[in-house]
Amino acid sequence: MAINLLLVSLLCVLISTVVSQPGSPPFPQELINAIISPTPSPSSSSIPPTPTPSIPQTPLVPALFVIGDSSVDCGNNNFLGTFARADHLPYGRDFDTHQPTGRFCNGRIPVDYLALRLGLPFVPSYLGQNGRVEGMIQGLNYASAGAGIIFTSGSELGQHVSFTQQVQQFTDTYQQFILSLGEQAAIDLISNSVLYISIGINDYIHYYLRNVSNVQNLYLPWSFNQFLASTLRQEIKNLYSINVMKVVVTGLAPIGCAPHYLSQYRMKDGQCVEEINNTVMEFNFVMRYMIEELREELPNSNIIFCDVFEGSMDIIKNSEHHGLNATADACCGLGEYKGFVMCLSPEMACSNASNHIWWDQFHPTDAVNAILADNVWNGLHTKMCYPMNLEEMVAFDS
């Protein structure tokens, strides 16, 4: 067993498993039908239960749909041939079921918390559902670990569903709704639901920063950011053409502070890699401006931009206020800052992730996801969304 683990570790290093991505078994039906309040399991009794926000008695929107990468993948990659999988413990050890689901986290991802806020069940994975409209009517999650805006980003890890492919899957779902519910009912459902998009980080982790195809000599960071933003802009317009009106677009997280890059750049005292973070901030700036333009261009749309960099840096700078005292080291991994190898076995994980910012080499803990979700919802800890937060968007359109 130890030899097998070592071989897997070495293989992960060789393919530069520098990424944030998932894989998972079909989503538990009991979590689709009802929200389960988290209770500590014997194996994680030292970890406090995740606080559950007040749940509206009636859903605030018909459904929540999710497009993105491993930051929001809830299990699609479990059905793909890829190294980007989180279908094994300790992933999911602090989740409601205390089992891995394909989420790259010890517990919940941000869209889990937002589903609760909207009065909806956790959103099931697209590849894990049975194709019946009843299982899709309150939303689907198309996110795939390793996916980027660029089709080939993350391809060295194996199969993934790219951003464009996810948009096509969403379009296919819409066509199913039309056939099953009728055109007007499908339009009403889609136009009143929320689409959450979290994509782009793998275009840096697996493409630009690795200088795939000599991209850094072809594009300066500003030009690369413009290219990504323009591609994302066109896909949002494509979605708008099939009646998607409410969209939450998240910016990129400060990956220059991620344990992987702290280890790779041999940073001292957990100082973030400014060169990387500056590029991320620039992308978020371009995205925020692009969203403002789209709001003007697309009548009756309500698109908001949530700057995850701002929210994450607030958590890092005010970590003690949030009860987080492990700001640089991942809870699970190997090497300096535990950022050299991804999380492969329970023995590699710390006993209590609730005081850590980073769960593995790229992904935040459940505790951080809860804070970020609060900020997306109502800016509870710091203002992150422009020109309004999700709660205001839902109220505005009601």
Side-chain angles (χ1 to χ4, degrees), residues 5-6 8-22 47 69-71 83-84 86 88-91 93-94 103-107 109 145-146 154 157 201-202 204-206 208-210 252-281 308-309 311-320 322-369 371-372:
L5 178 59
L6 178 60
V8 173
S9 301
L10 291 173
L11 183 57
C12 287
V13 174
L14 289 173
I15 65 166
S16 65
T17 84
V18 249
V19 50
S20 56
Q21 277 70 28
I47 301 173
D69 51 31
S70 60
S71 62
F83 287 102
H88 56 276
L89 289 171
Y91 290 100
R93 73 177 192 187
D94 305 317
R103 291 163 171 79
F104 267 69
C105 186
N106 60 305
I109 51 179
L157 296 173
I201 204 69
N202 288 318
Y204 292 91
I205 294 174
H206 291 288
Y208 195 79
L209 294 177
R210 293 180 66 242
L252 306 184
I255 55 168
C257 303
H260 173 80
Y261 288 117
L262 298 187
S263 173
Q264 179 178 318
Y265 283 69
R266 302 182 184 276
M267 302 306 292
K268 302 297 182 184
D269 303 320
Q271 294 296 310
C272 302
V273 184
E274 289 190 18
E275 172 189 344
I276 295 176
N277 279 353
N278 287 341
T279 301
V280 168
M281 283 192 291
V308 175
F309 187 96
S312 299
M313 290 308 295
D314 172 72
I315 294 170
I316 291 171
K317 292 175 181 177
N318 300 293
S319 56
E320 291 188 5
H322 295 292
L324 304 167
N325 53 33
T327 60
D329 289 356
C331 173
C332 190
L334 290 177
E336 189 177 12
Y337 299 108
K338 292 194 174 180
F340 182 58
V341 171
M342 67 181 293
C343 188
L344 297 169
S345 70
E347 293 74 28
M348 294 169 65
C350 65
S351 60
N352 182 358
S354 64
N355 65 344
H356 278 67
I357 287 179
W358 300 99
W359 165 245
D360 63 15
Q361 60 182 173
F362 284 111
H363 302 94
T365 58
D366 175 289
V368 169
N369 286 335
I371 297 169
L372 293 176

Please tell me if the side chains of [X] and [Y] come closer than 4.5 Å, counting only heavy atoms from C-beta onward.
X    : Y    : value
M348 : L334 : yes
N369 : C105 : yes
L324 : W358 : no
T279 : I276 : no
L372 : S312 : yes
H322 : I357 : no

Against P90, only a single residue in C350, C343, C331, S345 fulfils side chain to side chain contact (heavy atoms under 4.5 Å, CB included); can you say which?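 Output: one option passes, namely C343.
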
How far does [atom1] of [X] sit from [atom2] of [Y], to the nearest 0.5 angstrom?
X    : Y    : atom1 : atom2 : answer
I255 : L262 : CD1   : CG    : 11.0 Å
T327 : H356 : OG1   : NE2   : 9.5 Å
D69  : N202 : CG    : CG    : 5.0 Å
E336 : K338 : CD    : NZ    : 13.5 Å
N318 : M313 : CG    : CE    : 10.0 Å
I205 : Q361 : CD1   : CD    : 8.5 Å

Please report the closest heavy-atom contact between [X] and [Y], naming both atoms and the distance.
X    : Y    : result
A353 : D94  : CB-OD2, 4.3 Å
W359 : A349 : CH2-CB, 4.2 Å
V280 : A253 : CG1-O, 3.4 Å
N277 : G256 : OD1-N, 2.8 Å

Q271 backbone acceptor or donor facing D269 side chain under 3.5 Å: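 Between the backbone of Q271 and the side chain of D269 there is no qualifying donor-acceptor contact (under 3.5 Å).
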
Between Y337 and M267, is there a donor-acceptor pair closer than 3.5 Å when you use the side chain of the first and the backbone of the second? yes

Parallel, tilted or perpendicular: which fits the ring planes of H260 and F362, with parallel below 30° and perpendicular above 60°?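 Aromatic pair H260/F362 classed tilted.
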
Stepwise, does the side-chain hydrogen bond (donor to acceptor under 3.5 Å, both in side chains) test hold for N106 with D366? CA-CA 6 Å; N106 60 305; D366 175 289; 5.5 Å; no

Stepwise, does the side chain to side chain contact (heavy atoms under 4.5 Å, CB included) test hold for S71 with I201? CA-CA 9 Å; S71 62; I201 204 69; over 6 Å; no

